[in-house]
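Reading through the structure tokens given below for one structure.
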Amino acid sequence: MPIRVRFAPSPTGVLHIGSVRTALFNWLFARHNGGEFLLRIEDTDKLRSTYENTKLIFEILEWLCIDWDGNPVIQSERLERHKEVAFELVNLGKAYYCYCSSEELALKKEKALKSGMQYKYDGTCREKIGKIEGKTPVIRLKTNFDGDTTVHDMVQGEVTVKNSQLDDLVLLRSDGSPTYMLSVVVDDHDMDITHVIRGDDHLTNTFRQLQIYEACGWKAPDFGHIPLIYGPDGAKLSKRHGAASARDYQGLGYLPETIFNYLLRLGWSHGDDEIISRMDAIRWFDFDNVGKSPSRFDMMKLQNLNAHYIKERDNKSLLDYIIPFLGCEISDIQQGNILKGMNSLKEREKTAVGLAMSARIYISAPDTFDEPCQKYSSKIHLSLLEKVVHIIDEMDPLVEESLCNSVKLLAEKNNIKLVEIAQAMRGALCGKLTSPSVFEIIEILEKEESIKRIRSFINHFETRF
RNA sequence: GUCUCCUUCGUCUAGUGGUUUAGGACACCGCCCUUUCACGGCGGCAACACGGGUUCAAAUCCCGUAGGAGAUGCCA
């Protein structure tokens, strides 16, 4: 039987980066084994599910090139089927109507907790037969409490739970809607899912779901529960840690290939390999090398990886990538200039946001000169800049190397270190003291713009004297 | 409380009884390169949670303890 897996996010919140990893592992498992990767939107919680969140799931998966087979299954469209199964189980005597009110149960639960007892549904309605008119029941599964259940988890290994630990879970709510437990089992079965790969938080749910499979007489799929992702403090990764949703990382300027590689390495390894291509990931992925322990999200490592992938991307594709981050329209000439300077720009930036910021030097002259720049605005510096302007003006053709040599000569003649002139030039051209080579910038900006910027720096500070 | 899972440098991890003075990566520190910031190169710091077993031999197997996480919903 060919392998069929699914990614089943719920659109009740923005897609979590941990969910993205679950999707990735499912996808890799399918692609590695030549199986199918299906998508199911679990939108049965109508109140909290939104169209935006659903759209986001598609967008993020597409962004990461995690493609799914066939059309996504929309869980809410399958409500009738879920109900049908619930009623069938009642007819089969495997489930029953329960008329206990949530208030009653809450009370019992509170009491049990107070006395330090384990709370379980006490089975009040278990042996009652039939319906009571005028009351809306829930449907509960008649759990088999005998013996124990063992799952052979692809990640966690053998896990055994005593069935007596379980209780009669609700399959259908009093409003007639199916619970998550019922829906997943029915859908996974109907979709012919062979392997359920999901977050660790579902491990104990598995034993409840296995009871449903049993009651329906269905063969259960294999399971793989991958550990969750935590924040730097060891608690579940959330907004509190700065960024928890996949969209956040996109907005922070991380490339899809970075997220792909980082998430893959978080909890999975292939010897000492750190940089892993999509092709190799598909070739190498297996569950033997998925770790059992939860991992913390490390921003610094993510950044380092991103820097790597920025350097690896070709310049044109990087330019296209950063345009939305620029927040302004740019002309063809400006685009051309950024492209010319891209080699130097990209080797010093860690994110698309940073890259866009530094690319601004090719879009417009600085409108302010930051504090450190002003150190290079003394009379001496300004007079040297005048000379630099002269050099630029005279030079034809204006090329980086000869310009550099001329300025070096100028520094020697004036018995001053090159860094003094270079930094003043940097301040004038960029408004800040970090940038690629000033000589490269001038070559790209060309004579007129370079001189204009340096002159404007001189004028700006000259007024002080 | 009960049940389940987890535990190698600060972090991600390699390691599946002897090849290990426990390897790599990020971070950190130092040096080199250098017109700044980066990049890059070289070097350094740094870990088997604890206690018992099993064994000629244990990070690796077993049992406890401690710590952490998850589940315990008419949420998913």
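So you know, we letter chains A, B, ... as the sequences are listed, proteins then strands, and number each from 1.
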For this output row, return yes or no: ring centroids of [X] and [Y] closer than 6.0 angstrom.
{"X": "A:Tyr249", "Y": "A:Tyr262", "result": "no"}
{"X": "A:Phe25", "Y": "A:Phe29", "result": "no"}
{"X": "A:Tyr309", "Y": "A:Tyr254", "result": "no"}

For [N], what is the paired nucleotide under Watson-Crick or G-U wobble rules, both distances under 3.5 Å?
{"N": "B:G40", "value": "B:C32"}
{"N": "B:U2", "value": "B:A71"}
{"N": "B:G51", "value": "B:C63"}
{"N": "B:A76", "value": "none"}
{"N": "B:A57", "value": "none"}
{"N": "B:C45", "value": "none"}

Taking O4'-C1'-N9-C4 for purines and O4'-C1'-N1-C2 for pyrimidines, is B:C39 syn (within 90° of 0) or anti? syn

So, are [X] and [Y] salt-bridged, with charged N and O less than 4.0 Å apart?
{"X": "A:Lys301", "Y": "A:Glu274", "result": "yes"}
{"X": "A:Lys408", "Y": "A:Glu412", "result": "no"}
{"X": "A:Arg78", "Y": "A:Asp190", "result": "yes"}
{"X": "A:Glu52", "Y": "A:Lys55", "result": "no"}

Consider the side chain of [X], meaning its heavy atoms from C-beta on, and name the nucleotide among [options] that approaches it most closely.
{"X": "A:Ser269", "options": "B:A14, B:A76, B:U36", "answer": "B:A14"}
{"X": "A:Leu266", "options": "B:U35, B:U2, B:C12", "answer": "B:C12"}
{"X": "A:Met181", "options": "B:C37, B:A76, B:U4", "answer": "B:A76"}
{"X": "A:Tyr230", "options": "B:A76, B:A69, B:A38", "answer": "B:A69"}
{"X": "A:Lys292", "options": "B:C3, B:A76, B:C6", "answer": "B:C6"}
{"X": "A:Glu347", "options": "B:U72, B:A38, B:U35", "answer": "B:A38"}
{"X": "A:Gln423", "options": "B:U7, B:U35, B:A76", "answer": "B:U35"}
{"X": "A:Gln156", "options": "B:A38, B:C5, B:C74", "answer": "B:C5"}
{"X": "A:Lys311", "options": "B:U36, B:C74, B:G40", "answer": "B:G40"}
{"X": "A:Leu203", "options": "B:U35, B:U4, B:C74", "answer": "B:U4"}

Any side-chain N or O of [X] below 4.0 angstrom from OP1/OP2 of [N]?
{"X": "A:Thr160", "N": "B:U4", "value": "no"}
{"X": "A:Ser102", "N": "B:C74", "value": "no"}
{"X": "A:Ser295", "N": "B:U13", "value": "yes"}
{"X": "A:Lys350", "N": "B:C39", "value": "yes"}

Report yes if a donor N or O on one partner sits less than 3.5 Å from an acceptor N or O on the other, where the partners are the side chain of [X] and the base of [N]; otherwise report no.
{"X": "A:Arg348", "N": "B:C37", "answer": "yes"}
{"X": "A:Thr204", "N": "B:U72", "answer": "no"}
{"X": "A:Thr179", "N": "B:C74", "answer": "no"}

Starting at [atom1] of [X] and ending at [atom2] of [N], how long is that distance when rounded to a whole Å?
{"X": "A:Lys346", "N": "B:C39", "atom1": "NZ", "atom2": "P", "value": "16 Å"}
{"X": "A:Leu228", "N": "B:C12", "atom1": "CG", "atom2": "P", "value": "14 Å"}
{"X": "A:Asp370", "N": "B:C37", "atom1": "CG", "atom2": "P", "value": "14 Å"}

Give every donor-acceptor pair under 3.5 Å between a side-chain atom in residues 415-429 of chain A and any protein atom, sequence neighbours left out.
residue: A:Glu420; atom: OE1; partner: A:His381; partner atom: NE2; Å: 2.8
residue: A:Gln423; atom: OE1; partner: A:Arg426; partner atom: NE; Å: 2.7
residue: A:Arg426; atom: NH1; partner: A:Ser435; partner atom: O; Å: 3.2
residue: A:Arg426; atom: NH1; partner: A:Ser435; partner atom: OG; Å: 2.9
residue: A:Arg426; atom: NH1; partner: A:Pro436; partner atom: O; Å: 2.8

Which atom pairs link the protein and nucleotides 18-26 of chain B when you take only N or O atoms and keep those under 3.5 Å?
residue: B:G23; atom: N2; partner: A:Asp272; partner atom: OD1; Å: 2.9
residue: B:G24; atom: N2; partner: A:Glu274; partner atom: OE2; Å: 2.8
residue: B:A25; atom: O4'; partner: A:Glu274; partner atom: OE2; Å: 3.4
residue: B:A25; atom: N3; partner: A:Lys301; partner atom: NZ; Å: 2.9
residue: B:C26; atom: O3'; partner: A:Asn304; partner atom: ND2; Å: 3.3
residue: B:C26; atom: O2'; partner: A:Lys301; partner atom: N; Å: 3.2

